[in-house]
Amino acid sequence: MRSAIAMGAAAVLVTALLSGPVSAQPVPPQIEAGVPPGTPAPDTRPGEAFADPKVAALQRTATDIQRELAGLGELARTAEQELGRATTQATEATAHREEADRVVAAQQADVDSYTSALYASLGVPGGVHVLLTAGGPDDFLAGSSLIGRLRADLDARLGAAVERQREAARAESDALGAQREASDRKGELDRRSADASNRAAAVSSELRGQLADTDAAVVALQKAQQERNTTTAANWKTYTDKLAAAGVVLPKAAALRDPDRLPTGLLPLVGAGGVRQPGVAQVVAGADRLLVLPAETVTAVTLAVGALGKPYVPGVGGQGPTAYSCDGLVRAAYASGGITLPGGLGEQFGVLTPVTDPHPGDVVFLGPARLGAQSVGIVLDEKSMLVADARLAGVVVADLPGVDTVLGFGRPSLAFRQPEAAPKATDGGLAWRCGGVQLPARAPGEAAGAWGGFPNGLIPLTALCPIGVASHVLRCDAAQGYQAMSAAFTTVFGQSLCVTDSYRTYTAQVQLYAVKPALAAVPGTSNHGWGLALDLCGGVQAAGSAEYAWMIANAPSFGWSNPLWARPGGGREEPWHWEYAAG
């Protein structure tokens, strides 16, 4: 965990890139950007979507510098293209002028040849020669007319050639001027880019102390969370051990639904308003009164406690056992106890019978109201809950929020009610899910990008899953999709998919940017940094291959896509680059 979080110290954009040499690292066979052409889209998540305020501050600083450098880089590339076009035009104009020079020289040679021929014949030029040799007036007039026409034709051709030469010279001069202007623009942008890089290095230097604090805060947060998870798991085992020691046989949910007709030995539990509560009971065991929950509920909470520390995934289908979404955790937990809940948290809200006095195992729905029903957890006590949390990118023990955030409680052990509509978001802003912002995909077939509560390339390795190839890891749902896709690929081609790159840490992005700054993504912008992209080899990297054709036809059924911009003619041809676009 420490190694993944400690990347925060290198994360203020180009510190490592600008402050010294980068150690040699294996470079994949393709050097690519992993992002569409143009200025990369910034991470638009608000600060409260991050695991820690200092992490959010780090992300804002990195985003600002990244945006400036990316914008200047794009301008510099445009200036480079303009300079290339101006140079081509200047070269063509010079060639046209040189051709005009040759034509003028040729026309002048014709005139010189004509004059020499006249002198060579009688030594007397033009009309004088005609006058002396004419046999009569008609011959003189005919000869004079012919000579005039010859001279006029030669003069006209020479004049046209000279005018063409002048126009070519003017065009050449204009083109050379445009070339100088384009060169000056490029030089100015190069200077601005260098200045921005220097300022980025200076900002990084100034923030080193703050970054160290941020790094320490995140590490402490993770450690405290792990300790809280461990303590909670121990407390839950202590509770179930006490029930067992007291000889309590946990009743089925149906047996506790009527608090006036409880199984022998069980007592009703009275709520705050003096009303007996359905679905729960109590028992006297020596000097203690123990809460008695339905067997289904105890099984559900036990599974959820066992999932503590597992990774978070955004999709509705995150029902474990490897990774969970918030509603997926609730559904999987109660399915283990024999109670089938709907998959989505909105549907869960709609069918669960509301209660006002929550107890362990009850389900809590979270807002606030302006965000609608956006998260769901399992109550542990009056202060805490179990939840698959987007901000912490895992299954954790978290505080129950205040009343302004809680939308209600439901008790799965009671009979379901007629479905009701869950509260919907009203603020018209970004969509929230499981405590974090869920950004939409930039375009069809592309990964959505930002997820969880950590910046690009700084996702804890505990929030990712291995794909079964070397040390490559991805977000868990993407890893699962890859494994299924690779198995299908193997049945056709006799070998599994070849992988050169997967999740790319921030440090690795900086190293790649140092190797090919014109092609690689600005650090912190590649979808590799979200654990949602792969670079493939073994034939897939060639757009005309059978392997690539198979992937284009079949990868979408496993959630994977070669984005349109990465396909031949799409703007930046990267047939090896594939993104998980299913969630």
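Given the structure is predicted, the values throughout are model-derived calculations rather than measurements.
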Quiz item: Sub-3.5 Å donor-acceptor pair from the side chain of R391 to the main-chain atoms of G435, do we have one?
Solution: yes
Exercise. Answer yes or no: is there a side-chain heavy-atom contact under 4.5 Å between M385 and L380?
Key: no
Exercise. Kindly say whether F50 contributes a backbone atom to a donor-acceptor pair with the side chain of R45 at under 3.5 angstrom?
Key: no
Quiz item: Once the angle between the rings of F349 and F365 is folded into 0 to 90°, is it parallel (under 30°), tilted (30 to 60°) or perpendicular (over 60°)?
Solution: perpendicular
Exercise. Spell out, as yes or no, whether a donor-acceptor pair under 3.5 Å connects the side chain of E579 to the backbone of W560.
Key: no
Quiz item: Cut-off 3.5 Å, side chains only: do W236 and T302 have a donor facing an acceptor?
Solution: yes
Exercise. Ignoring hydrogens and angles, tell me if any N or O in the side chain of T405 forms a donor-acceptor pair with the backbone of P368 under 3.5 Å.
Key: no
Quiz item: Does a sphere of radius 6.0 Å around CD in Q282 hold more than 12 heavy atoms from other residues, nucleotides or ligands, not counting ones at 6.0 Å or beyond?
Solution: yes
Practice problem: Mark yes or no for whether R331, through its side chain, and G318, through its backbone, hold a donor-acceptor pair below 3.5 Å. | Solution: no
Quiz item: Hey, does V283 have a side-chain heavy atom less than 4.5 Å from the side chain of L267?
Solution: no
Self-check item: Taking every non-hydrogen atom, the tightest pair across H528 and S502
Solution: ND1-O, 2.9 Å
Quiz item: Is the closest side-chain heavy-atom distance between R411 and V363 below 4.5 Å?
Solution: no
Exercise. Could you tell me whether the side chain of T353 and the main chain of A415 form a donor-acceptor pair under 3.5 Å?
Key: yes
Quiz item: Which atom names give the shortest non-hydrogen contact between S486 and L497, and what distance separates them?
Solution: OG-N, 3.2 Å
Exercise. Hey, could you give me the CG/CH2 distance between L474 and W530, rounded to the nearest 0.5 Å?
Key: 14.5 Å
Exercise. Determine the minimum heavy-atom distance between N229 and G309, stating which atoms define it.
Key: ND2-N, 4.1 Å
Quiz item: So, D399 and R228, do they make that salt bridge, N to O below 4.0 Å?
Solution: yes
Self-check item: Minimum side-chain heavy-atom gap K310-T462 below 4.5 Å
Solution: no
Self-check item: Check: S496 side chain, T490 main-chain N or O, donor-acceptor pair, under 3.5 Å
Solution: no
Practice problem: Taking atom CD of Q483 as the centre, report whether more than 12 heavy atoms of other residues, nucleotides or ligands fall under 6.0 Å from it. | Solution: yes
Quiz item: Which heavy atom of P259 sits nearest a heavy atom of P268, and at what distance?
Solution: O-CB, 3.8 Å
Quiz item: With side chains defined as the heavy atoms from C-beta onward, is the minimum distance between R433 and D327 less than 4.5 Å?
Solution: yes
Quiz prompt | Backbone of G337 reached by a side-chain donor or acceptor of T299 within 3.5 Å | solution = no
Quiz item: Is it true that K383 and D381 have a side-chain N and a carboxylate O under 4.0 angstrom from each other?
Solution: no
Quiz prompt | Check: K424 main-chain N/O paired with Q374 side-chain donor or acceptor under 3.5 Å | solution = no
Quiz item: So, for L532 and A478, which heavy atoms are closest and what is the spacing to 0.1 Å?
Solution: CD2-CB, 4.4 Å
Exercise. Could you tell me whether the side chain of Y482 reaches within less than 4.5 Å of the side chain of H472, counting heavy atoms only?
Key: no
Practice problem: Considering non-hydrogen atoms only, spot the tightest contact between A393 and F454 and give its length. | Solution: CB-CE1, 4.3 Å
Practice problem: Assess whether side-chain contact (heavy atoms from CB on, under 4.5 Å) is satisfied between L366 and V406, documenting all intermediate values. | Solution: CA-CA 5 Å; L366 307 176; V406 173; 4.2 Å; yes
Quiz item: Are D535 and R504 close enough for a salt bridge, meaning some N to O gap below 4.0 Å?
Solution: yes
Exercise. Determine whether V395 and V387 make a side-chain contact, defined as any pair of heavy atoms from C-beta on separated by less than 4.5 Å.
Key: no
Practice problem: Please say whether the positively charged group of R475, taken as NZ for Lys or CZ for Arg, lies over the ring of W451, i.e. under 6.0 angstrom from the six-membered ring centre and within 45 degrees of the axis. | Solution: yes
Exercise. With the side chain counted from C-beta on, respond yes when D389 and Y312 share a heavy-atom pair under 4.5 Å apart, and no when they do not.
Key: no
Quiz item: Counting N and O atoms only, with roles assigned by atom type, does the side chain of T297 sit under 3.5 Å from a partner on the main chain of L293, one being a donor and the other an acceptor?
Solution: no
